[in-house]
Amino acid sequence: MQKIIIRYAIAVVLVLSVIAAVVIVMRSAIVNSGIETKAERRVVMTPAVLDSIRAIRQWELAAVPVSAVIDTVQRRWMGLVKDRISKKYEGVLSVGIDMGNIEALRYRVEGDTITVILPDVGILDDNFMDETRTVVLRSDNDDFEARPDVRRDMLERARNRMMSEGLSSVTLSACRSRAKEEVTRSLQAIGYHTVIISFDRVKAR
């Protein structure tokens with residue numbers, strides 16, 4: 001758990017550092033221009049700004065511990081004998097926004113109002129399962145348990161269940177809210193009075 005907290009803190013620091021750097025550069029450019037009007041203190045979303053956002057790449061908004069217990073049964077001897085296997089799988093879902101998906105980032109500026117459509121929140125890394133932590137809770141037949149097709153099937157079922165439970169509506173809502181707050185704060189810092197944020201749900205995973 002401590003490792004998860006440390007990784008989460010580092011990700012937050014990196015994201016905020018990039019945003020802060022963009023704001024500082026923009027403000028410096030405005031001051032050097034000698035223009036002091038309120039309207040022109042607003043920085044336009046230029047390709048350079050978009051490149052800075054793209055540089056954030058994968059923005060982790062939550063690290064969600066997940067686990068799943070998967071059972072499977074083999075019947076033999078005309079169904080009279082049942083070989084049962086039960087395993088517990090664990091992992092950590094990295095949930096956030098792939099800011100490198102710049103094609104999904106769309107925006108419109110009208111006066112001091114900017115409307116932004118962000119790529120939606122999703123799983124950043126498909127390799128979230130820690131197979132070293134897999135525990136065999138029950139195995140009635142070691143040969144059955146060792147079969148590659150049985151292992152693949154159980155692993156895939158566990159993966160799907162962990163993704164479904166970890167990427168819950170509560171987690172998605174919390175991550176979207178945090179992303180809105182951070183992006184709104186950043187855009188207001190560079191001069192936009194009203195910031196409207198939504199997500200490209202079509203591309204959600």
Side-chain angles (χ1 to χ4, degrees), residues 1-15 18 53-105 118-180 182 199-205:
M1 180 60 70
Q2 184 177 9
K3 291 182 178 179
I4 294 174
I5 295 174
I6 292 174
R7 187 178 67 175
Y8 182 75
I10 291 174
V12 171
V13 170
L14 288 174
V15 169
V18 172
I53 295 174
R54 185 190 290 112
I56 297 173
R57 297 300 297 173
Q58 293 188 330
W59 180 13
E60 185 179 76
L61 296 165
V64 185
V66 288
S67 64
V69 174
I70 302 297
D71 298 315
T72 192
V73 175
Q74 172 186 246
R75 298 176 183 271
R76 54 193 177 92
W77 290 100
M78 300 179 66
L80 299 177
V81 178
K82 297 180 182 178
D83 297 325
R84 182 180 297 276
I85 302 171
S86 180
K87 290 184 179 182
K88 181 179 181 180
Y89 299 85
E90 296 188 39
V92 178
L93 281 180
S94 178
V95 182
I97 297 176
D98 185 359
M99 301 302 284
N101 187 11
I102 205 67
E103 293 180 359
L105 175 63
L118 293 172
D120 201 11
V121 172
I123 299 173
L124 298 177
D125 186 359
D126 290 330
N127 299 315
F128 59 86
M129 297 183 68
D130 185 354
E131 293 189 52
T132 64
R133 299 175 63 187
T134 299
V135 177
V136 179
L137 303 177
R138 175 176 174 175
S139 178
D140 296 340
N141 185 322
D142 290 341
D143 290 336
F144 177 46
E145 191 272 329
R147 281 170 44 184
D149 60 324
V150 172
R151 291 192 170 190
R152 282 195 303 269
D153 176 70
M154 295 184 72
L155 191 66
E156 185 64 20
R157 287 162 57 199
R159 182 178 180 277
N160 291 336
R161 183 178 299 177
M162 292 160 77
M163 287 176 61
S164 176
E165 294 179 359
L167 204 63
S168 65
S169 58
V170 174
T171 298
L172 289 172
S173 178
C175 289
R176 288 176 184 136
S177 294
R178 179 162 179 260
K180 280 185 177 181
E182 297 290 351
F199 295 89
D200 190 357
R201 303 281 178 100
V202 175
K203 297 182 182 297
R205 297 175 57 181

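Positions are given from 1 along the sequence. The figures here come from the full heavy-atom set of this structure, side chains too, leaving out hydrogens, waters and symmetry mates.
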Discussion item. Go through it in stages, so that I can follow the logic: the residues are D71 and R138, the test is salt bridge (Lys or Arg N to Asp or Glu O under 4.0 Å), and I'd like the CA-CA distance, side-chain angles, deciding distance and then a yes or no.
Written reply: CA-CA 9 Å; D71 298 315; R138 175 176 174 175; over 6 Å; no
Discussion item. The test is side-chain contact (heavy atoms from CB on, under 4.5 Å); show your working for D200 and L118 and say whether it passes.
Written reply: CA-CA 6 Å; D200 190 357; L118 293 172; over 6 Å; no
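Atom NZ of residue K88 and atom OG of residue S67 lie 5.0 Å apart, to the nearest 0.5 angstrom. Atom CD1 of I123 is separated from atom CG of L93 by 5.0 Å, given to the nearest 0.5 angstrom. Rounded to the nearest 0.5 Å, atoms CD1 (I97) and CD (E60) are 12.0 Å apart. Between the CG atom of D149 and the CZ atom of F144 there is a distance of 8.0 Å, given to the nearest 0.5 Å.
Two residues are said to be in side-chain contact when any heavy atoms from C-beta on lie closer than 4.5 Å; L61 and V121 meet this criterion. Put simply, the side chain of V92 does not reach to within 4.5 Å of the side chain of V64, judged on heavy atoms. At least one side-chain heavy atom of E145 sits less than 4.5 Å from a side-chain heavy atom of K87. In this structure, I85 and D140 have side chains that are not in contact, with every pair of non-hydrogen atoms separated by 4.5 Å or more. Using a 4.5 Å cut-off on side-chain heavy atoms (C-beta onward), P119 and D98 make no contact. Looking only at side-chain heavy atoms (C-beta outward), V69 and S86 come within less than 4.5 Å of each other. Using a 4.5 Å cut-off on side-chain heavy atoms (C-beta onward), Y89 and R161 make no contact. Residues E90 and P65 form no side-chain contact, since every pair of their non-hydrogen atoms from C-beta on lies 4.5 Å or further apart.
Under 3.5 Å, the side chains of D125 and S94 contain no donor-acceptor pair of N or O atoms. Checking R147 against Q74 by side-chain atom types alone, a donor-acceptor pair falls below 3.5 Å.
S177 places a side-chain N or O within 3.5 Å of a backbone atom of S173 that can act as its donor or acceptor partner.
Contact detail for C175 and V95: the closest heavy-atom pair is SG-CG1, 3.9 Å. Contact record, W59 with A179: CH2-CA, 3.9 Å, taken as the closest heavy-atom pair. Between A158 and A68, the shortest heavy-atom distance links the atoms O-CB, 4.2 Å.
When the shell of 6.0 Å around CD of E131 is examined, it contains 12 or fewer heavy atoms from other residues, nucleotides or ligands.
Classification of R159 and D126 as a salt-bridged pair holds, one side-chain N sitting under 4.0 Å from a carboxylate O.
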